[in-house]
Each structure stands twice: as structure tokens, then as C-alpha cells.
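What follows is a single structure, written as C-alpha cells, with notes after it.
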Amino acid sequence: MDIQTIINISLLTLLALTAVILLRLHNLLAAILLSGIYSLLSAGLFVSLDAVDVAFTEAAVGAGLTTVLLLGAVAITGREQSVTRHSKLLPIAVTTITAAALIYGTLDMPKFADPTAPIHMHVAPRYIEKSGEEIGIPNIVTSVLASYRGYDTLGEVTVVFTAAIGVMLLLGGSRKSKNQSLNKTDKNE
Amino acid sequence: MNKKISLILREACNLVVPAVLLYAFYVQFHGDYGPGGGFQAGVIFAAGIILYALVYGREKTQKIFPTSVVRYFISIGLLLYAGVGVTSLFMGGNYLDYNVLAHDPLHGQHLGIFLIELGVGITVAAVMIMIFYMLDEYAD
């Protein structure tokens, strides 16, 4: 076994372990920290798959910012998850069936790191061969994201924009803070 | 917000935040050559600001990056991105076709990618800072 396989297996084991512990936790604070660890482990996995751009994003967004934003959300909602009393049989059945279907689906997939897999035969060779002449920048990921797939990236930025609009509408915006400063005297009474 | 900040926390923050912000700019403008780009840079920049806000308090951060200004930057980034597309339309190409932006297609691509990455970075950073402000304001 080469070192890469050992690293992959240990990272995947830790990922699965983190996921199982995450499921069993009722303390949201610990759950958020664990999901940060989960993101960091996946970032490590992406690095070992040579997907540094994705790993970078996962580490910065998943492990870094999301953790802080979720901690902010928990500060508003409370630290403990409310315990559900109804039967867990239906959720277990749904998850098992979905997982079985997904695993069945992977049987048709090309083997891991197969160079003749459809994904490597479609547009990828063209990007690798031509992006140097057509775009002229060394990082192919940036060429694809910013130029070949410029529409998609515009859509993604719009999604981020919409998320901000949603949060601002839900949590009040500047109007709320003005009201709060007015209400502060009432609250203190 | 706490008036008294722990000395260790404050000094560590003073040490880390400038480096984080500088690194964000490096990721932003070096994305063509190494890993990273606007999205990552925006997130890292926002992380630096949020770290500052966690240590020194939101009010002090809002004196540097007021909510009203951050709110404008959310749309400025997106408009910059979409504006590059519209500009390329007016210069005779397709939407977001950077080849027509300069005399040389490669220079056009460079310019286009630089501008749209900047747009992505501005929007993402502003959005993340804004969401943090909103959560923090609501929690108070």
C-alpha cells in the first residue's frame, strides 16, 4: 500500500467517524465544531486528490466561516437540540432505501481514477490542451470558472447575493437596529 | 460587548488580522497563477474582518466597515461582474466574451477574468460580513 492510499483511508475513516458522532450529538455547539472538523477533513481529502482549489474553498468556507456563522446562529436559537419523541423507524427506512439506491448507482460508475472515464473524455482534454492559447493563464481551474464557465460563476455569485438578501430580510436590516436602539430602554426596565 | 479585552487575544488578533487580509489580496490577485480566486479571497477577507469583530466587538468594526457601505458592496461586486458581460456585448462580442475587451484576445481574457474575479471577491466578502453583522445585531 502506498502512502496516498493510507492517507485516503485514514481520512475517510475519520470522516465517517465524525459523521457518526455528529449524528449522536444533541449539543449544537459541539455539533458545529464537529462539522467544522468534518469540513477540514474533507479539505485534506481534496488535497490528496490534487483538487487544491476545491480544498481551499472547503477549508475557508466550511471549516472557517460557516463555523462562525453557525455559532452566531446558535447564539440566537439556543444550544440544545429539542428531543423528538416520535418513532424513528420511518426516517431509518427512508435513509436505508436512499443509501441502497445510491450505492446501487455507484456500481455503474467508472472505476476510481480511470483515465477513460467519460468525465475525462468530454471537454476536459480541450481545456487542458487549449486553455493556454485561448485564455493564457496557467491555472486551468480559473480559466474554466471565470471564462469558459463564466455564466455559471455569475449564477453562483447571484446565489450568494440572494443569500445575503434573504438574511437581511429575515433578520431585519438597518431598520431593526434603529428600532432596537430605541427599544433598549424598554428592555432594561 | 466586553469593554476589557484580554491582552493575549488582542495581541494575537493584531498579529493575525493584517496577515489574513494581506493573504486575501494575494489569493485574489494571484488566482490566475495558483490556487484560489475571487470566492476564496472574499471568504478569507471576511474571515479576517470577522475575527477582528469577534475580538474588538462589532461596533468598533462597523466604524471601519459600516453596515450601509457593506450593503452597497454586496451589489457592486455582482454589478461589476454583470457589467463586464454587458460591456463585452457593447464591444461586439457575446455576453461575458472577454476576447473583445482589449485589442488582443489574450489581454481581453486577462482583463475580463481580473474584473469578474474582483466582482466575485467583493460580493462574497461583503455578503459574509453582512451576514455576520446581521446575526450579531440580532443576538444582542
Side-chain angles (χ1 to χ4, degrees), chain A residues 47 51-62 64-66 68-77 131-139 141-143 145-147 149-151 153-154 156-174 176-177 180-181 184, chain B residues 24 27 30-44 46-47 50-51 54 67-68 70-71 74-75 77-78 81-82 84-85 95-99 104-107 109-110 112-117 119-120 123-124 126-140:
Chain A
V47 170
V52 262
D53 281 87
V54 187
F56 203 167
T57 316
E58 183 69 48
V61 181
L65 255 190
T66 317
V68 177
L69 293 184
L70 284 176
L71 284 176
V74 158
I76 297 172
T77 55
S131 75
E133 303 163 26
E134 287 178 347
I135 316 291
I137 58 174
N139 188 353
V141 178
T142 304
S143 312
L145 280 183
S147 191
R149 290 280 174 268
Y151 280 26
T153 312
L154 180 59
E156 279 160 29
V157 178
T158 317
V159 168
V160 174
F161 176 80
T162 320
I165 303 291
V167 171
M168 284 161 78
L169 283 174
L170 277 173
L171 296 187
S174 60
K176 180 90 181 178
S177 64
Q180 263 184 353
S181 56
K184 239 167 207 167
Chain B
V27 172
H30 205 259
D32 304 0
Y33 301 96
F39 193 79
Q40 291 91 331
V43 168
I44 292 170
I50 290 174
L51 176 61
L54 286 173
T67 315
S68 50
V70 175
R71 192 165 46 197
I74 293 177
S75 3
L78 189 60
Y81 197 140
V84 171
Y95 191 68
L96 289 175
D97 176 9
Y98 314 133
N99 282 343
D104 183 54
L106 280 189
H107 290 175
Q109 289 284 348
H110 272 273
I113 289 174
F114 176 81
L115 287 176
I116 67 129
E117 292 276 15
V120 174
T123 293
V124 169
V127 165
M128 296 302 168
I129 295 171
M130 196 63 186
I131 293 179
F132 177 77
Y133 280 176
M134 291 284 112
L135 284 172
D136 201 50
E137 264 171 37
Y138 196 85
D140 279 352

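The figures that follow rest on heavy atoms only: side chains count, while hydrogens, waters and symmetry mates do not. Numbers restart at 1 for each chain; the letters A, B, ... are given by sequence-line order, proteins then strands. Because the structure is a prediction, the values reported are computed rather than measured.
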Quiz item: Quick one: what part of E134(A) sits under 4.5 Å from any heavy atom of chain B, side chain, backbone, both or neither?
Solution: backbone

Quiz item: Backbone N or O of Q40(B) within a donor-acceptor pair of the T57(A) side chain at under 3.5 Å?
Solution: no

Practice problem: Go through the atoms of V27(B) and report whether side chain, backbone, both or neither lie under 4.5 Å from a heavy atom of chain A. | Solution: side chain

Quiz item: Side chain, backbone, both or neither: which part of F132(B) has a non-hydrogen atom closer than 4.5 Å to chain A?
Solution: both

Exercise. Find the distance between CD1 (I113(B)) and CG (L145(A)) and round it off to the nearest 0.5 Å.
Key: 10.0 Å

Practice problem: Examine whether an atom of Y133(B) lies under 4.5 Å from a heavy atom of chain A, and if so say whether it belongs to the side chain, the backbone or both; otherwise answer neither. | Solution: neither

Self-check item: ring pair (Phe, Tyr, Trp, His ring centres under 6.0 Å) involving H30(B) - partner list, sequence neighbours excluded
Solution: Y26(B), Y33(B)

Self-check item: Contact origin within V160(A) toward chain B - heavy atom pairs under 4.5 Å
Solution: both

Quiz prompt | By ring pair (Phe, Tyr, Trp, His ring centres under 6.0 Å) - contacts of F161(A) (at least two apart) | solution = none

Practice problem: Give the minimum heavy-atom separation between I44(B) and A60(A), together with the two atoms involved. | Solution: CG1-CB, 4.3 Å

Quiz item: Does some side-chain heavy atom of L69(A) sit less than 4.5 Å from a side-chain heavy atom of M128(B)?
Solution: yes

Quiz item: In Å and rounded to the nearest 0.5 Å, what is the OG1 to OH distance from T77(A) to Y138(B)?
Solution: 10.5 Å

Self-check item: Winner by heavy-atom pair count (cut-off under 4.5 Å) against chain A, out of G112(B), G34(B), G37(B), A46(B)
Solution: G34(B)

Self-check item: CG-CG distance between L154(A) and L96(B), expressed to the nearest 0.5 angstrom
Solution: 6.0 Å

Quiz item: Would you say the side chain of D32(B) lies within less than 4.5 Å of the side chain of N139(A), judging by non-hydrogen atoms?
Solution: no

Quiz item: Are the side chains of L170(A) and M134(B) in touch, meaning some heavy atoms are under 4.5 Å apart?
Solution: no

Quiz item: Taking G36(B), S68(B), A47(B) one by one, which has the highest count of heavy-atom pairs under 4.5 Å against chain A?
Solution: G36(B)

Quiz item: Short question: side chain of E117(B), backbone of A146(A) - any donor-acceptor pair under 3.5 Å?
Solution: no

Quiz item: To the nearest 0.5 Å, what is the distance between CE (M168(A)) and CD1 (I131(B))?
Solution: 10.0 Å

Quiz item: Where is the tightest heavy-atom contact between H110(B) and G136(A), given as atom of each residue plus distance?
Solution: NE2-O, 3.3 Å

Quiz prompt | Derivation of the side chain to side chain contact (heavy atoms under 4.5 Å, CB included) call for I135(A) and L106(B) | solution = CA-CA 6 Å; I135(A) 316 291; L106(B) 280 189; 5.5 Å; no

Quiz prompt | Point-to-point distance, once rounded to the nearest 0.5 Å, from OH of Y81(B) to OG1 of T153(A) | solution = 4.0 Å

Quiz item: Which atoms of I50(B) come close to chain A, meaning under 4.5 Å heavy atom to heavy atom: side chain ones, backbone ones, both, or neither?
Solution: side chain

Quiz prompt | Top contributor to chain B interface from S147(A), A55(A), A59(A) [non-hydrogen pairs under 4.5 Å] | solution = S147(A)

